[in-house]
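Okay, so here's the structure we're looking at.
Both ligands and their constituent atoms are indexed starting at 1 by order of listing. Not measured: the values here are computed from a predicted model.
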Amino acid sequence: MSQTSISNAPKHARYDVVIVGGAMFGSSVAWFLADNPDFDGSILVVEKDPTYEFTSTSHTNSCMRQQFSREINVRVSQFAAEFVKNFRDFMGNDPRVPAVPFHSYGYMYLADNEAFAEVLRESQKVQAACGAATRIMSADEIRRDYPFYQVDDIVAGSHNLVDEGYFDGNTLFDWWKRSAREKGAEYVTNEVVAMTRNAAGAKVESVTLKSGQVIVCGTVVNASGPRAVATSRMAGIEIPVEPRKRYTFIFAAEKPLDRDLPLTIDPSGVHMRTDGTYYLAGCPPDDDPAVDYDDFVQDFSIWEDKVWPAIATRIPQFEAIKLTNSWAGHYAFNTFDQNAILGPHTQVENFIFVNGFSGHGFQQSPAMGRGTAELITYGEYRTLDLTPFNYARIAENRPFIEKAVI
Ligand SMILES: Cc1cc2nc3c(=O)[nH]c(=O)nc-3n(C[C@H](O)[C@H](O)[C@H](O)COP(=O)(O)OP(=O)(O)OC[C@H]3O[C@@H](n4cnc5c(N)ncnc54)[C@H](O)[C@@H]3O)c2cc1C
């Protein structure tokens with residue numbers, strides 16, 4: 001076995017922290033824990049598929065934005081921008097660590113009615129109070145700055161060019177994984193198939209792996225993405241998260257635009273953006289059910305009937321385009337309030353959620369990983385107060401609605 005290969009058998013029978021899932025969130029939590037000098041426990045990351053082929057992480061569009069309706073979500077993304085821009089510093093000035101490509105071409109939310117324009121104006125106030133550079137634009141201002149849009153039906157736009165756009169989240173993922181392992185976190189290729197609670201039901205005592213091994217755990221972290229419900233149920237817990245399909249299409253334009261296309265959220269529900277010399281577009285299906293964990297079948301009628309007509313209407317120059325690539329991925333969709341579910345369960349106290357990111361998880365991974373590591377190490381959040389995302393709100397039926405979900 002080479003030094004860097006991953007075994008399927010844990011070295012020990014007990015770990016302080018067992019993380020179920022080793023993709024973006026599992027690796028973020030593992031790295032922030034392993035990097036914290038105040039944490040001296042052992043970490044096991046159990047990942048069933050080291051190719052990550054069917055993860056949300058592999059299907060992401062990898063963008064970040066400040067434009068959220070909740071202050072805490074703005075602040076979470078501001079930390080993402082800080083983390084990405086100072087990545088090597090955060091990684092201990094390791095000279096092997098590269099700069100993370102970050103292309104800040106902004107987001108542009110378009111409102112075609114007064115009610116949604118008002119939502120944008122209210123959200124802009126929240127963002128501006130956090131120091132974000134979002135501004136509300138009239139149709140004329142949008143036309144002036146981006147002449148390619150057809151905006152005759154548009155009441156207002158919300159736009160920000162600072163710390164919004166594409167970032168190479170895979171670089172974060174790769175280095176978190178690599179560095180966490182170098183700092184002592186153990187990754188195994190295996191699957192958690194069951195959990196055993198103590199007699200009082202207040203703790204998960206152990207997890208059982210597909211290979212049959214039983215691993216005693218101090219804390220268990222659910223970082224299993226769209227399979228979060230299946231993992232929670234092993235501990236007898238229900239959460240309102242389900243896999244929902246999201247379609248991404250890459251296309252080339254016969255006449256490319258003369259400037260970057262901000263990530264534009266069209267009133268039709270279709271979004272599109274610059275993607276190098278290509279363009280990317282996506283949308284939810286009109287009928288948006290929970291899907292099977294293994295259902296990644298592409299639906300080209302969505303491109304033909306919904307995406308292409310919407311983008312060609314909004315940008316007439318996109319009449320002549322050619323589809324070059326596409327994929328279907330899964331959101332871990334929080335049906336309760338479309339926000340993250342974080343922190344401990346109310347009764348099974350050593351079961352920690354990092355779930356339900358509903359399409360904005362990539363950018364949330366630095367702040368949520370850091371916060372979860374703080375919670376495990378100190379029993380409290382030390383930097384950003386992430387308690388609004390607590391599971392308790394679900395148990396108490398107190399939705400914490402995020403209006404800006406794409
Ligand atoms: C099409 C699409 C576009 C997106 N665009 C953006 C964007 O622009 N910006 C943004 O911020 N976010 C975006 N997201 C969301 C973001 O990609 C996800 O929130 C993030 O990748 C979730 O990471 P995760 O680690 O929670 O889940 P996953 O990446 O799904 O990882 C879960 C891991 O758990 C493993 N696992 C599950 N069960 C078990 C088990 N029992 N035992 C062992 N291992 C297990 C799986 O194999 C998997 O590796 C997008 C998502 C999609 C699908």
Within the 4.0 Å heavy-atom shell around [X], which atoms of ligand 1 are there?
X      : result
Thr248 : 1 (C)
Glu191 : 40 (C), 41 (N), 42 (N), 43 (C)
Gln363 : 9 (N), 10 (C), 11 (O)
His360 : 10 (C), 11 (O), 12 (N)
Phe357 : 19 (O)

Next on the checklist: So which atom in Ala310 and which in Val270 form the shortest heavy-atom distance, rounded to 0.1 Å?
Outcome noted: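 Taking every non-hydrogen atom into account, CB-CG2, 3.8 Å.
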
Among all protein heavy atoms, pick the one closest to [atom] and tell me residue, atom and distance.
atom                    : result
atom 8 (O) of ligand 1  : Cys63 N, 3.0 Å
atom 40 (C) of ligand 1 : Val20 CG1, 3.6 Å
atom 4 (C) of ligand 1  : Asn61 N, 3.4 Å
atom 16 (C) of ligand 1 : Phe362 N, 3.6 Å
atom 53 (C) of ligand 1 : His330 O, 3.3 Å
atom 50 (C) of ligand 1 : Thr60 OG1, 3.5 Å
atom 41 (N) of ligand 1 : Val192 O, 3.0 Å
atom 35 (C) of ligand 1 : Glu47 OE1, 3.3 Å

Does an N or O anywhere in [X] fall below 3.5 Å from an N or O of ligand 1?
X      : answer
Gln364 : no
Arg227 : no
Ser56  : yes
Phe25  : yes
Ala23  : no

Note: [X]-[Y] ion pair, threshold 4.0 Å (strictly below):
X      : Y      : value
Glu186 : Arg181 : no
Arg246 : Asp288 : yes
Glu191 : Arg227 : no
Asp145 : Arg143 : no

Item to check | Single hit among Glu141, Arg259, His159 for side-chain hydrogen bond (donor to acceptor under 3.5 Å, both in side chains) with Tyr146 | outcome: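 Of all the options given, the one that passes is His159.
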
Using atom types as modelled and distance alone, determine if a side-chain donor or acceptor of [X] lies under 3.5 Å from a backbone N or O of [Y].
X      : Y      : answer
Ser104 : Leu161 : yes
Asp35  : Trp31  : no
Thr274 : Leu261 : yes

Next on the checklist: For Tyr391 together with Phe351, are the ring centres under 6.0 Å from each other?
Outcome noted: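 When the ring centroids of Phe351 and Tyr391 are compared, they turn out to be at least 6.0 Å apart.
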
Next on the checklist: If you take the centroid of each ring, where Trp contributes its six-membered ring, are His330 and Tyr293 closer together than 6.0 Å?
Outcome noted: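 No, too far apart.
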
Item to check | Residues forming a side-chain hydrogen bond (donor to acceptor under 3.5 Å, both in side chains) with Thr277, sequence neighbours excluded | outcome: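 Counting only residues at least two positions away or on another chain, Thr277 forms no side-chain hydrogen bond (donor to acceptor under 3.5 Å, both in side chains).
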
Next on the checklist: Restricting to ring-ring contact (aromatic ring centres under 6.0 Å, His included), what partner residues turn up for Tyr187, sequence neighbours left out?
Outcome noted: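 For Tyr187 there are no ring-ring contact (aromatic ring centres under 6.0 Å, His included) partners, ignoring immediate neighbours.
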
Checklist entry - Taking atom 32 (C) of ligand 1 as the point of reference, which of Ser224, Pro284, Ala332 owns the nearest heavy atom? => result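 Going through Ser224, Pro284, Ala332 one by one, Ser224 has the nearest heavy atom to atom 32 (C) of ligand 1.
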
Checklist entry - Nearest to atom 2 (C) of ligand 1 by heavy atom, Arg246, His59, Met195, Arg65: which? => result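 Looking at heavy atoms only, the winner is His59.
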
Checklist entry - Does Asn190 have a non-hydrogen atom less than 4.0 Å from ligand 1? => result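 Within the 4.0 Å threshold, so yes.
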
Checklist entry - Closer than 4.0 angstrom: is that true for some heavy atom of Gly359 and an atom of ligand 1? => result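 Yes, Gly359 has a heavy atom closer than 4.0 Å to ligand 1.
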
Checklist entry - Can you tell which part of Ser62 has a heavy atom less than 4.0 Å from ligand 1: side chain, backbone, both or neither? => result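 The backbone, only.
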
